[in-house]
Structure formats: C-alpha cells, structure tokens
Amino acid sequence: SHFPAIAPIAPGDVPIATQRDGGRNGEEAGVGFTLLYDEQRSCVFGESVREDGVTSRVLPVWPDGYTATADPLTV
C-alpha cells in the first residue's frame, strides 16, 4: 500500500467513500482542489475553480480506514 497506516482521530460522523487503495490502485492524481463540507447533504467534496471561473466538484475516494468529522472538518 502507498498510504501510511493511521488510526482515525475520532469515529467519523460524516459518511465518505472509501475503497482499498483509495480506488486508484496506488495511482494518485495530482489534482488540486479545496476540501469542503456540505452540511445539508452531509458530505465531504472537493471543489476547484478554473481560470475562466467554472467551478467543478468531485467526490474523493479515500483509502479504507479513513473517516471524516464535520466540526471541525477533518479527514
């Protein structure tokens, strides 16, 4: 595995998508985005803004064992 084994900081209170190797089979993309929390939908997502102002959202897939908390936002 390419990811260090870590213990979660706290039991997650926000559901996140997890998969072995983060769903990438060890190939991480060099994509930059801001990690945000949508309280209404109770989800963590990544948001990026292109130079032309177009906003894109992505749903990150985290390695197995990762958890997320809402306050403060922690993955």
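Along the sequence shown, residues carry numbers from 1.
- Note on F33: it clusters hydrophobically with Y66, by side-chain heavy-atom contacts below 4.5 Å among ILVMFWY residues.
- Side-chain atoms of P15 and C43, non-hydrogen and from C-beta on, never get closer than 4.5 Å to each other.
- Put simply, the side chain of D38 never gets that close to the backbone of F45: no donor and acceptor are under 3.5 Å apart.
- Closest approach of V14 to V44, counting heavy atoms only: CG1-CG2, 3.8 Å.
- A distance of 9.5 Å separates OH in Y37 from OG1 in T69, rounded to the nearest 0.5 Å.
- Across all non-hydrogen atoms, the minimal contact from L35 to P60 is CD1-CG, 4.3 Å.
- Between the CD1 atom of I16 and the CG atom of L59 there is a distance of 9.5 Å, given to the nearest 0.5 Å.
- Rounding to the nearest 0.5 Å gives a distance of 8.5 Å between OG of S56 and CD of E47.
- A distance of 11.5 Å separates CG of L73 from CD of E39, quoted to the nearest 0.5 Å.
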